[in-house]
Peer 1: 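Dropping a structure here in structure tokens format, bear with me for questions.
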2 protein chains.
Amino acid sequence: MDRPADDLNARARIRDAAMKLFTERGIEGASIRDIAAEAGVSSGLVRHHFGSKQALREACDHYAKERMLQIGEELVFQGGAAHTNVTTMHPIMLPLQTYLIRSMMDGSETATALFLEMVDAGEEFTKTLGTAPSDRRAYAAVLAAMKMGVFVLRDQVSKAIGEDIASPSGYARLTQAALDIFTIPMLTPEQLEQLRKYSEEH
Amino acid sequence: MDRPADDLNARARIRDAAMKLFTERGIEGASIRDIAAEAGVSSGLVRHHFGSKQALREACDHYAKERMLQIGEELVFQGGAAHTNVTTMHPIMLPLQTYLIRSMMDGSETATALFLEMVDAGEEFTKTLGTAPSDRRAYAAVLAAMKMGVFVLRDQVSKAIGEDIASPSGYARLTQAALDIFTIPMLTPEQLEQLRKYSEEH
DNA sequence: CGCTTGACTATACGATCGTGTAGTAGTTTG
DNA sequence: CAAACTACTACACGATCGTATAGTCAAGCG
């Protein structure tokens, strides 16, 4: 059961269409008429259900955030906190994440709030790490941004690896690559020392 | 010397204003009239110099790409390939990167081409690593996307750590955090094994 | 039955969009 | 000096935007 039961009515279809087009074309780039057409309804019905474009957007924000938290809880229940915090990549989340980033870039408070909650959770997670980063807050913030960033550039990453990252095969490569990045030290201690010296000089 | 010499004329001011507003509001969200006002010229002059909004955008794409490559070369010359490939974060690049990502998300071929070049360079870099990732291509693609992602969510990361990541202090925390993420293994070998088993089951 | 209510469509409104055209001031060029 | 060119502004055009209004249709209910 992927969605709530009574979620196939016109209101839900409009919301889904809005999230799709907002993601693909940006908030300003997706018109209410286009969204209505995508949902198979008149543009007047969009206004009837949501009042304004801004209100429609906020409804999408709240829905996406709720679904993200809901799916996140399910994943922690299934796979444990370590798995969830390290990868936090699940195919179901993909459209939600891409939408939320688009909305965040255009100044959504709801989406930004969700991001900050993710940073909070990530900061807690750092306490379970063997070697602690010196700046937990910055570590968690950058990590969260990096994980989201992969999905911002979904099309570009897909093009780079030659297959859609939403496909089972592409997603597997994506997950493994992220795991490699997060678990294999990128520099030898010597390189790290050299880099540290360089930083001090500049 | 930060910029070419004759770069203060109206044409350059329009281009800079366009990059600023495209970044802040998205391509569709920034009108030619707004861009002209930001540059302190008439909207007709924008058309005179660039012909159309699409052509203006492509001019911005090319300029941003050129500057990125130029700055990248300077950084390699100054600090060496290891430093450049691991962090690839320089304050000067920030506005260029944020613009290019915006443009990439709205389907810019030039920006996508630059991303693919970054992936190519990153893939070469993986050959200098001690422990090789199994899938170099995916590794480089995900790494490039992650590094870009931090700048997509610039405002959100800044909010999370309590200071602007463009400030010297915030930028230093950002760089150190990225370095920690890339050099400190996030999981113990035991956790990694557990995660591997979990993945096989699902 | 008549009446209300909610889902839905059709159509019209100002505003703003990208674009096109005409024209001016200043410099260059033959 | 006149012609040509360049940088620039002013203004008008259709199209499309978000929004508003009026009306249709079916279901529920006294």
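Note that the coordinates shown come from a computational prediction; the quantities given were computed from them, not determined experimentally. Below, read A as the first sequence line, B as the second, and so on, with proteins coming before strands; counting in each chain starts at 1.
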Peer 1: Rounded to whole Å, please give me the gap between CG in Leu21(A) and P in dG18(D).
Peer 2: 11 Å
Peer 1: I would like to know whether Arg137(B) and Asp120(B) meet side-chain contact (heavy atoms from CB on, under 4.5 Å); could you show each step before the answer?
Peer 2: CA-CA 8 Å; Arg137(B) 189 68 187 169; Asp120(B) 289 340; 2.8 Å; yes
Peer 1: Using the 3.5 Å cut-off, write out each protein N or O paired with an N or O of nucleotides 22-24 of chain D and the distance between them.
Peer 2:
none

Peer 1: Rounding to an integer number of Å, can you tell me how far Phe22(B) CZ sits from dC17(C) P?
Peer 2: 13 Å
Peer 1: For the atom pair CE (Met19(A)) and OG1 (Thr98(A)), what is the distance rounded to the nearest 0.5 Å?
Peer 2: 7.5 Å
Peer 1: Can a donor-acceptor pair be found between the side chains of Gln176(B) and Ser134(A) at a distance below 3.5 Å?
Peer 2: no
Peer 1: Where along residues 36-60 of chain B does a heavy atom fall under 4.0 Å from DNA chain C?
Peer 2: Arg47(B), Ser52(B), Lys53(B)
Peer 1: How long is the line joining CD of Glu28(A) and C1' of dT16(C), in whole Å?
Peer 2: 11 Å
Peer 1: Does either side chain, that of Tyr99(A) or that of Asp61(A), offer a donor lying less than 3.5 Å from an acceptor on the other one?
Peer 2: yes
Peer 1: Can you tell me the distance, in whole Å, between the CD1 atom of Ile14(A) and the P atom of dT9(C)?
Peer 2: 8 Å
Peer 1: Send over the distance from Arg33(B) CZ to dT16(C) P, rounded to a whole Å.
Peer 2: 10 Å
Peer 1: First locate atom OG of Ser108(A), then atom NZ of Lys65(A), and finally report the distance between them rounded to the nearest 0.5 Å.
Peer 2: 9.0 Å
Peer 1: Could you give the CD1-to-P distance, from Ile35(A) to dT16(D), as a whole number of Å?
Peer 2: 17 Å
Peer 1: Distance check, rounded to the nearest 0.5 Å: Leu153(A) atom CG versus Ile101(B) atom CD1?
Peer 2: 5.5 Å
Peer 1: Roughly, in whole Å, what's the span from CZ in Arg11(A) to P in dG6(C)?
Peer 2: 14 Å
Peer 1: According to side chain to side chain contact (heavy atoms under 4.5 Å, CB included), who are the partners of Asp106(B), at least two apart in sequence or on a separate chain?
Peer 2: Arg102(A), Ile27(B), Arg57(B)
Peer 1: I need the minimum non-hydrogen distance between Met68(B) and Met93(B), along with the two atoms involved.
Peer 2: O-CE, 3.9 Å
Peer 1: Have Ser31(B) and Asp34(B) got a donor and an acceptor in their side chains that come within less than 3.5 Å?
Peer 2: yes
Peer 1: Could you tell me how far apart Asn9(A) (CG) and dA7(C) (P) are, to the nearest whole angstrom?
Peer 2: 9 Å
Peer 1: Which nucleotide in the set dT19(C), dT19(D), dC17(D) lies at the smallest distance from any side-chain heavy atom of Ser31(A)?
Peer 2: dC17(D)
